[in-house]
Q: 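After the structure tokens below, expect a handful of questions from me.
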Amino acid sequence: MDVGQKPMTRALSQVTGADPAELAHRLAGKWTPDDTTFAKLVIDPIPDIDLSRPYPLCFARQFDPAIKDLGDFDNWAAERKWDGLRGQLILRGGSQYLWTGDTELLTGHFPEFAMLKDFLPPGTVVDGEILAWANETPMPLEALKKRIGQRSVSAKLLKEAPVILRAFDLLEDSGNDIRPLPFVERRTRLEAHVGSLPPEAPVRLSPLLDVSGWDDLAQARAHSRDVCAKGIMLKRKDSLYRDGRQEGDWWAWDVDPLIVNGVLIYAHPRNERRASPSFELTFAVWDGEIPVPVAKAQPGLTESEHHEITAWVAKNTVERFGPVRSVKPVQVFEIAFDGIAEAPRRKSGVVLRSPRVSRWRKGMPPREANTLNDLKALLDAFG
């Protein structure tokens, strides 16, 4: 049985008396029972045995209540929530390491960061967002994905999608763990390091928003897509850097998703052995009289709707391609997504980012679903 990191850390803390945050740090990184022992990890860890070891990241909770429920605005700092890849940059022992938010070591994928050993002192660990970057402006996330999807980064890719780290927190300073310090103090130290870097250094400070209250912040959030951001990050000025999602410290206030109505054209059973298999569904928009696929998503329906669409697919399958079933393009679903980009290799010419079903538009005539021209207009506005 798999055990989550948080329960395991709490249990080890109770048994050993060690601080949970310190334990989480010891257990981070890449290790297996074949190359270490319980004593080395937990009981009597060897200092700096792994210079690449990252810190467990602090994550924001999604904000649900009315924004003003957070109280006095002066207690909060706000910045953009950048649309990139979470990265933790580590400079220790004359070497540089880059970890993702999924604790994957991707140093070799981003050779631009190697030069930072010449600009930042050893014993520096920076938390931020990796962005494809051109002309001092973020590029769409799809440009960055091209880098991640390759085993090695070609000179062509380095030129087409150069990267920077949008730095928003400092976790280690001069070899000292400063996560127990308040956010405002960590931020001051971060600004001291990053603010003096030359333009060629691939790090940019994530600026705090200069807004005077909740209403101004809402206006800034509304313009997030204009600067390739996903929304707003809110951080208590006195918050410590704690691992995991800590309610009350950091909040993510995402911009509202984009919406398109698509017709269901394919259903791919994910577990046909079950009496009521789950499906991955493919949706299309109209290009004249032809439905053109634009998104694939899990239904996200209620239990009763799940049974209903399962029965409907069984009765309305017109063709089979292995496990995939083609169905009549008559059922309309509302699809929410976070962004749109060009995709020349796709028949539609576009790709939707993070598509998910938001509701089943029962009763909507299929010809009232969106068209490919509608998506191209969104691409012009938000791509």
Q: Among all residues two or more places apart in sequence or in another chain, which pass the side-chain hydrogen bond (donor to acceptor under 3.5 Å, both in side chains) test with Asp238?
A: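 For Asp238, the residues satisfying side-chain hydrogen bond (donor to acceptor under 3.5 Å, both in side chains) (neighbours in sequence not counted) are Arg236.
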Q: Drop me the distance from Phe283's CZ to Leu281's CG, to the nearest 0.5 angstrom.
A: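 These two atoms lie 4.5 Å from each other.
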Q: Short question: side chain of Arg80, backbone of Ser206 - any donor-acceptor pair under 3.5 Å?
A: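 Answer holds: no.
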Q: More than 12 non-hydrogen atoms from neighbouring residues, nucleotides or ligands closer than 6.0 Å to NZ on Lys146, yes or no?
A: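 Atom NZ in Lys146 is not packed in, count stays at 12 or less.
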Q: Are the side chains of Trp250 and Asp169 in touch, meaning some heavy atoms are under 4.5 Å apart?
A: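 Yes, side chains in contact.
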Q: Look up atom OG in Ser212 and atom CZ in Phe73, then write down how far apart they are to the nearest 0.5 Å.
A: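 If we round to the nearest 0.5 Å, Ser212:OG and Phe73:CZ are 7.0 Å apart.
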Q: Between Asp254 and Lys81, is there a salt bridge with N-O shorter than 4.0 Å?
A: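 Between Asp254 and Lys81 there is a salt bridge, with a charged N closer than 4.0 Å to a carboxylate O.
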Q: Would Val357 and Phe337 show up in the same hydrophobic cluster when neighbours are defined by side-chain heavy atoms closer than 4.5 Å?
A: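 Looking at the clustering, Phe337 is in the same group as Val357.
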Q: Are any side-chain N or O atoms of Arg325 and backbone N or O atoms of Val318, one a donor and one an acceptor, separated by less than 3.5 Å?
A: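 No.
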Q: With clusters defined by side-chain heavy atoms of hydrophobic residues (ILVMFWY) lying less than 4.5 Å apart, directly or transitively, does Leu264 cluster with Ile335?
A: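 Yes, Ile335 and Leu264 fall within the same hydrophobic cluster.
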Q: Knowing that exactly one of Lys235, Arg242, Arg61 qualifies, which makes a side chain to side chain donor-acceptor pair (under 3.5 Å) with Asp249?
A: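 Considering Lys235, Arg242, Arg61, a side chain to side chain donor-acceptor pair (under 3.5 Å) with Asp249 is found only for Arg242.
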Q: Could you go step by step and tell me if His223 and Val255 meet the side-chain contact (heavy atoms from CB on, under 4.5 Å) rule?
A: CA-CA 9 Å; His223 293 285; Val255 70; over 6 Å; no
Q: Give a yes or no answer on whether the side chain of Arg92 reaches the backbone of Leu51 with a donor-acceptor pair at less than 3.5 Å.
A: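 Flag set: sc Arg92 to bb Leu51 pair under 3.5 Å.
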Q: Quick one, Arg345 and Val351 - any side-chain contact, counting heavy atoms below 4.5 Å?
A: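 Contact flag for Arg345/Val351 side chains = no.
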Q: Less than 4.5 Å apart, any side-chain heavy atom of His109 and any of Leu98?
A: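 SC-SC contact between His109 and Leu98 ruled out.
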Q: Looking at Ala220 and Leu209, what are the two nearest heavy atoms and their distance?
A: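 Of all heavy-atom pairs spanning Ala220 and Leu209, the closest is CB-CD1, 4.2 Å.
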Q: Looking at every heavy atom in both Pro365 and Val332, which two are closest together, and how far apart are they?
A: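 Answer, listing the atom of Pro365 first, then Val332: O-CG2, 4.0 Å.
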Q: Quick check: is Leu205 connected to Leu85 through a chain of hydrophobic side chains (ILVMFWY, heavy atoms under 4.5 Å apart)?
A: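 Leu85 and Leu205: one cluster.
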Q: In plain terms, say whether Asp83 and Arg353 are close enough for a salt bridge, that is, a side-chain N and a carboxylate O under 4.0 Å apart.
A: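 Here Asp83 pairs with Arg353 in a salt bridge, since their nearest N and O are under 4.0 Å apart.
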Q: Measure the CD1-CD1 distance between Ile130 and Ile148 for me, rounded to the nearest 0.5 Å.
A: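 The CD1 atom of Ile148 is 7.0 Å from CD1 of Ile130, to the nearest 0.5 Å.
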Q: Nearest 0.5 Å, please: how far is CG in Leu57 from CZ in Arg245?
A: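 With rounding to 0.5 Å, CZ (Arg245) is 10.5 Å from CG (Leu57).
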Q: Check whether Phe183 and Ile178 end up in the same hydrophobic cluster, where Ile, Leu, Val, Met, Phe, Trp and Tyr are linked by side-chain heavy atoms less than 4.5 Å apart.
A: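 Different clusters: Phe183 never reaches Ile178 through Ile, Leu, Val, Met, Phe, Trp or Tyr contacts under 4.5 Å.
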Q: Do any pairs count as a salt bridge (Lys or Arg N to Asp or Glu O under 4.0 Å) and have a residue in residues 295-313, sequence neighbours left out, and if so which ones?
A: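 Every salt bridge (Lys or Arg N to Asp or Glu O under 4.0 Å) pair that includes a residue of residues 295-313, provided the two are not neighbours, is Glu308-Lys362.
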Q: Test side-chain contact (heavy atoms from CB on, under 4.5 Å) on Val285 and Asp374; report intermediate values, then the result.
A: CA-CA 9 Å; Val285 294; Asp374 294 333; over 6 Å; no
Q: Set out, in order, the CA-CA distance, both residues' side-chain angles and the distance that settles side-chain contact (heavy atoms from CB on, under 4.5 Å) for Met139 and Leu144, then state yes or no.
A: CA-CA 8 Å; Met139 298 171 68; Leu144 183 64; over 6 Å; no
Q: Which value, rounded to the nearest 0.5 Å, describes the distance between Lys347 atom NZ and Asp287 atom CG?
A: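 Between Lys347 NZ and Asp287 CG, I get 8.0 Å after rounding to 0.5 Å.
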Q: Ignoring hydrogens and angles, tell me if any N or O in the side chain of Trp286 forms a donor-acceptor pair with the backbone of Pro366 under 3.5 Å.
A: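 Pair found, side chain donor or acceptor close to backbone of Pro366.
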Q: Report the C-alpha separation of Arg189 and Glu185 in whole Å, then their side-chain angles, then the decisive distance to 0.1 Å, and conclude whether the side-chain contact (heavy atoms from CB on, under 4.5 Å) test is met.
A: CA-CA 6 Å; Arg189 295 193 186 197; Glu185 187 167 341; 3.7 Å; yes
Q: Where is the tightest heavy-atom contact between Phe119 and Ala201, given as atom of each residue plus distance?
A: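 That would be CD1-CB, 4.0 Å.
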Q: Using the ring-ring contact (aromatic ring centres under 6.0 Å, His included) criterion, which residues pair with Trp360? Sequence neighbours excluded.
A: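 Result, ring-ring contact (aromatic ring centres under 6.0 Å, His included) vs Trp360: Phe333.
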Q: With rounding to the nearest 0.5 angstrom, report the CH2 to CZ distance, Trp82 to Arg204.
A: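 Atom-to-atom, Trp82:CH2 and Arg204:CZ are 12.0 Å apart.
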Q: Check salt bridge (Lys or Arg N to Asp or Glu O under 4.0 Å) between Arg225 and all other residues, then give those that pass, not counting sequence neighbours.
A: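 In terms of salt bridge (Lys or Arg N to Asp or Glu O under 4.0 Å), with neighbours along the sequence ignored, Arg225 is linked to no residue.
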Q: With no hydrogens and no angle check, is any side-chain donor or acceptor of Thr100 less than 3.5 Å from a backbone partner on Asp102?
A: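 Yes, because the side chain of Thr100 sits within donor-acceptor range (under 3.5 Å) of the backbone of Asp102.
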Q: Between Glu289 and Arg367, is there a side-chain heavy-atom distance shorter than 4.5 Å?
A: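 Yes, at least one pair of side-chain atoms sits under 4.5 Å.
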Q: Apply ring-ring contact (aromatic ring centres under 6.0 Å, His included) to Tyr97 and list each qualifying residue two or more places apart in sequence or on a separate chain.
A: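 With sequence neighbours excluded, Tyr97 shows a ring-ring contact (aromatic ring centres under 6.0 Å, His included) to no residue whatsoever.
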Q: Under a 3.5 Å distance rule, please check whether Ser358 uses its side chain to pair with a backbone N or O of Glu334 as donor and acceptor.
A: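 Yes: the side chain of Ser358 pairs with the backbone of Glu334.
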Q: Considering all heavy atoms of both residues, which atom of Ala161 and which atom of Ala132 are nearest to each other, and what is their separation?
A: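 Closest approach of Ala161 to Ala132, heavy atoms only: CB-CB, 4.5 Å.
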Q: For Glu191, is there an ion pair with Arg187 - N to carboxylate O distance below 4.0 angstrom?
A: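 So Arg187 pairs with Glu191 through a salt bridge.
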Q: Starting from Phe110, can I reach Val126 by hopping between I/L/V/M/F/W/Y residues whose side chains sit under 4.5 Å apart?
A: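 Same hydrophobic cluster.
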Q: Sequence neighbours left out, what pairs pass side-chain hydrogen bond (donor to acceptor under 3.5 Å, both in side chains) with at least one residue falling in residues 116-131?
A: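 Qualifying pairs, neighbours excluded: Arg86-Asp127, Asp127-Tyr241.
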Q: Minimum heavy-atom separation for Ala295 and Pro355, please, with both atom names.
A: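 Heavy atoms of Ala295 and Pro355 come nearest at CB-CB, 4.0 Å.
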Q: Looking only at side chains, do Glu368 and Asn261 share a donor and an acceptor under 3.5 Å apart?
A: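 There is no such pair (donor and acceptor under 3.5 Å, judged by atom type) between the side chains of Glu368 and Asn261.
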Q: Could you tell me which non-hydrogen atom of Leu217 sits nearest to which non-hydrogen atom of Ile232, and how far apart they are?
A: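 Looking at all heavy atoms of both residues, the shortest contact is CD1-CG2, 3.9 Å.
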Q: Are any side-chain N or O atoms of Asp72 and backbone N or O atoms of Asp74, one a donor and one an acceptor, separated by less than 3.5 Å?
A: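 Side chain of Asp72 to backbone of Asp74: a pair is present.
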Q: Under the 3.5 angstrom rule, does the side chain of Trp99 hit a backbone N or O of Arg53 as a donor-acceptor pair?
A: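 Not confirmed, Trp99 side chain does not pair with Arg53 backbone.
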Q: Just wondering, do Glu79 and Leu208 contact through their side chains at under 4.5 Å, heavy atoms?
A: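 Side chain of Leu208 against side chain of Glu79, heavy atoms only: contact under 4.5 Å found.
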Q: So Leu372 and Lys376, do their side chains get closer than 4.5 Å, heavy atoms only?
A: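 Counting from C-beta outward, Lys376 and Leu372 do come under 4.5 Å.
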Q: Test your reading of the model: is there a side-chain donor-acceptor pair from Thr137 to the backbone of Asn135, 3.5 Å cut-off?
A: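 Yes.
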Q: I want to check something: taking the side chain as every heavy atom from C-beta on, are Leu171 and Ile90 in contact at a cut-off of under 4.5 Å?
A: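 SC-SC contact between Leu171 and Ile90 ruled out.
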Q: Could you tell me if the side chain of Glu160 sits less than 4.5 Å from the side chain of Ser154, heavy atoms only?
A: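 No, side chains not in contact.
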Q: Backbone N or O of Val153 within a donor-acceptor pair of the Arg147 side chain at under 3.5 Å?
A: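 Between the backbone of Val153 and the side chain of Arg147 there is no qualifying donor-acceptor contact (under 3.5 Å).
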